[in-house]
Amino acid sequence: MGWLQVVCIGLVVVATVVGVGVFTRGVVVIVRTIRVGRPLPGRWAPAGARLRTLAREVLGHERFRQRPAVRAAHWVVMLSFPVLFLTLLTGYGQLVDPAYGLPLIGHWVPVEWAVEAFAWLGLVAITGLVVLRVRTRPRASQPEVEQRRSRFFGSNFAWAYVVEATILLVVVAVVLLRGLEYALAVQDGEPWASALHFPLTAWFGQAWVGADRATLEAWVLVVATVKILVSMSWFVVVGLQPTMGVAWHRFLAVVNVYARREPDGGPALGPLAPLRDGDGNPLDLTAVDDLPDDARLGVGAVEDLPWKGLLDVATCTECGRCQDQCPAWATGKPLSPKLLTLALRDHAAATAPYVRAARAAGATDEAQADPHLGVDLVASGVIDPDVLWSCTTCGACVQQCPVDIEHVDTIVDIRRYQSLMESAFPAELGGTFTKMERRGNPWGLPARQRLDWAKGLDFDVPVVGTDVESAADVDWLFWVGCAGAFEDRAKRTTRAVAELLHAAGVTFAVLGDGETCTGDPARRAGNEALYQMLAAQNVETLNEVGAQRIVVTCAHCFNTISREYPAAGGRYEVLHHTQLLDTLVAEGRLRFAPGTGDDGTGTTVTYHDPCYLGRHNQVYTPPRDLLAAAGVTLAEMPRNRETSFCCGAGGARMWMEETIGERIGTARAAEAVATGASAIATACPFCTVMIGDGVAAHTRASAPDDTAPAPVPVPAQVGVPEVADIAVLLRDRLDRT
């Protein structure tokens, strides 16, 4: 054994012992931090469905669909890790015998082809990802508004470059070793010294065939040693940095995706995760007297997070896809789902050891007085109040996250603590909560006005309990909703839906003053007690009247009644009005007059996907089918369907002033106006209001200043598009012959 071999073996042994030891320490730290979180039952079963989802999500890279090039590159890099791990094992054997090959599979053609393919493809892929990061990263010379447009704003670039450099060095070492292995095999006259076994490296390995044997073996020793040292150095770096999500996600993401909220693969959208007690069981706040005196409602401190929430923050890759899609961030507000996640991650890592120590000490006065326990996430500055309350709960972050972080559930849980335990919420919400509690609607209007929308219709709208005995006596119970009953623009939608149903021969009835708010704004604002009170009241009413099939016009009511009321005992068939109208059109019960647009086929319309109809409930096709049936030409906005941009009303933001940055509704309206469409179709009263106001604001901002000198003629303004619900557009085109 020569001196070079002794040195290489010595270095590798030391590096391996240190690398594996430090890496193991990192694993232990992460596991201990996650175990600080509260229990969360039901995240491990059913195993079969979860494993199928895991395989589909990981191997299919479903969350990368909007970025096909990145999807392909990341897929290659991801799979190169387990495939090229075989070469790491081979490298240890090569330190003893440079011609070493793994037993059984070392010269198996499929394995050799896979190794070489993933080595070369990995080289191309990681180079491409490095170039992408360098090109799109924010520059210090740029103003902050420009820097914020990069999804990597706020990410740790040093950590990312360490990971990328490690991958780059490893794949280069693998390629070099394969070429050297080919040259040695040729010199030894081995039967596998052919292009069949070295399909992508024999061409340059041939150049080394004539080299001295000792030189070839020395190069194998050096390259194998470098490869192992690079790998073990990476183990040391990440082991010392348990918060280095850009590295740890390759391990943690598998667990995080497996333990997702929806075992069948759906995103953690639609219904919110329930408010839970310390044991992870759903809490019924209607029985508030049964709560223990020391109950903590929601997430006030990091130890109040469920273990999945702590796994979420540890898994974050800092890729910024959530930040890139967030409407609050895009309009100059301080909320970035990524930065919020990183703040929670760092705080959890710093606090967890003290929490564990205090718990180990039991209920002693000293342990309970530890200042690291119960640190209020908002009051301490870990999360700024403006960050917390900027969220519209649109779900774009959840939809985009490649590792299934459940941002919305965490944000609402923190809001729950602030609302229920601290009464710390924006001042506007205080009045909204009071109106919902006392009057049953956020406008605070009397229930007797809930049927005012029906005045002037040329047919009667029956009321359950007055005109019909039971909801089962009609085809559908029409849930009008607070906006549909009280907001003028939403009343147009309510009337239009009623007229369309009447024209189609559909029998329906309403609850009239028996309706009350579904509780959606209260729940998204964290006031779970108010939500549960309203939900219990509505479920009792619906069950009493025999409701079986319900049609709604509000996307928020649709989500709440169909997805959240089952947990409160209310299970019904619920359709959004676009779904029911689409069915009636397909059945030939609704027909529309020919279009009258400039293009001869119908007016050009752009459609805005409401977050709580689209992303939260995957209803994308019926609204578009209805517009096509009405003979209009659809001009899609750049951001549509899964990537639709929020109107700004969700998460109870409808009832809060938007004082930071640009109004979200105005930004969305500008995008809609830019399509040149003569009308903007919506399918939710909140969207109608916000985008309608946004169009007005955008028009005012775009209008020429009459007081300024005009050296050149000012071009005529493009017409202001109408903003209306699809039902209104359909009603206006109804063929009444």
Side-chain angles (χ1 to χ4, degrees), residues 66 489 492-493 495-497 499-500 503-504 553 555 576-611 613-615 618-647 665-696 698-699 702 715-737:
Q66 283 82 30
R489 284 165 284 190
R492 293 179 62 206
T493 302
R495 290 175 63 90
V497 170
E499 291 179 68
L500 289 167
T553 60
H576 188 260
H577 70 283
T578 57
Q579 294 175 303
L580 178 56
L581 295 177
D582 186 42
T583 299
L584 296 175
V585 170
E587 293 174 350
R589 299 170 68 178
L590 286 176
R591 294 185 301 275
F592 305 101
T596 57
D598 294 337
D599 57 7
T601 60
T603 304
T604 301
V605 174
T606 189
Y607 172 63
H608 165 77
D609 287 282
C611 299
L613 184 64
R615 257 191 304 271
Q618 309 302 303
V619 179
Y620 298 112
T621 303
R624 290 171 170 81
D625 286 348
L626 285 173
L627 292 173
V632 304
T633 300
L634 180 63
E636 292 279 17
M637 285 179 265
R639 292 180 285 196
N640 61 78
R641 295 181 181 265
E642 291 91 346
T643 60
S644 179
F645 195 72
C646 183
C647 75
T666 302
R668 183 56 165 171
E671 190 173 357
V673 171
T675 65
S678 58
I680 302 171
T682 62
C684 174
F686 288 10
C687 297
T688 303
V689 171
M690 300 299 276
I691 295 179
D693 291 347
V695 167
H698 175 73
T699 302
S702 303
Q717 276 192 273
V718 177
V720 179
E722 174 190 10
V723 180
D725 189 276
I726 286 178
V728 175
L729 300 179
L730 295 179
R731 190 267 316 274
D732 293 344
R733 290 164 174 78
L734 188 62
D735 186 351
R736 302 178 185 273
T737 60

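Computation of the quantities below employed the complete heavy-atom set of this structure, encompassing side-chain atoms and omitting hydrogens, waters and symmetry-equivalent molecules.
Inter-residue side-chain proximity for T606 and E636 is flagged as unmet; no heavy-atom pair is nearer than 4.5 Å. Counting heavy atoms from C-beta on, the side chains of I680 and V605 never come closer than 4.5 Å. The closest side-chain heavy-atom distance from I726 to Y607 is below 4.5 Å. Contact check for C687 versus P610: side-chain heavy atoms found under the 4.5 Å cut-off. Contact annotation: the side chain of V728 never approaches that of T688 to less than 4.5 Å [non-hydrogen atoms, C-beta and beyond]. For the pair L613/C684, no side-chain contact is recorded, criterion being any heavy-atom separation below 4.5 Å from C-beta on.
Using a distance-only test at 3.5 Å, with no hydrogens or angles considered, no donor-acceptor pair links the side chain of T675 to the main chain of E671. With hydrogens and angles ignored, the 3.5 Å screen pairs no side-chain donor or acceptor of R668 with any backbone N or O of C647. A distance-only check finds no donor-acceptor pair linking the side chain of T553 to the backbone of H577 [under 3.5 Å]. The closest donor-acceptor contact from the side chain of H576 to the backbone of A683 lies under 3.5 Å. Using modelled atom types, one side-chain atom of N640 and one backbone atom of M637 make a donor-acceptor pair closer than 3.5 Å. The backbone N or O of H698 sits nowhere less than 3.5 Å from a side-chain atom of T666 that would complete a donor-acceptor pair.
Among residues at least two apart or in separate chains, salt bridge (charged side-chain N to carboxylate O under 4.0 Å, His left out) pairs with a member in residues 576-587 are E587-R589.
The shortest non-hydrogen separation linking A503 to L590 is CB-CD2, 4.3 Å. The heavy-atom pair separating P622 from T578 by the smallest distance is CB-O, 3.8 Å. The shortest heavy-atom contact between R591 and L734 is O-CD1, 3.5 Å. Taking each heavy atom of L627 and V632 in turn, the nearest pair found is O-CG2, 3.0 Å. When all heavy atoms are compared, the tightest approach of L500 to A727 is CD1-O, 3.6 Å. Residue D609 comes nearest to S644 through the heavy atom pair O-OG, 3.1 Å, listed as atom of the first residue, atom of the second, then distance.
Here F645 contributes atom CZ and C611 contributes atom SG; the two are 9.5 Å apart, rounded to the nearest 0.5 Å. In this structure, R489 CZ and I691 CD1 are separated by 11.5 Å, a value rounded to the nearest 0.5 Å.
With sequence neighbours left out, H608 forms a ring-ring contact (aromatic ring centres under 6.0 Å, His included) with no residue at all.
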Check against side-chain contact (heavy atoms from CB on, under 4.5 Å), V695 and V720: CA-CA 8 Å; V695 167; V720 179; 3.5 Å; yes
Test log, rule side chain to side chain donor-acceptor pair (under 3.5 Å), inputs T643 and R615: CA-CA 8 Å; T643 60; R615 257 191 304 271; over 6 Å; no
Test log, rule salt bridge (charged side-chain N to carboxylate O under 4.0 Å, His left out), inputs E722 and R492: CA-CA 13 Å; E722 174 190 10; R492 293 179 62 206; 3.6 Å; yes
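Figure legend: R733 and F592 shown without cation-pi pairing, the cationic atom not lying both under 6.0 angstrom from the six-membered ring centre and within 45 degrees of its axis.
Using a 4.0 Å cut-off between a side-chain N of Lys or Arg and a carboxylate O of Asp or Glu, D725 and R495 do not qualify as a salt bridge.
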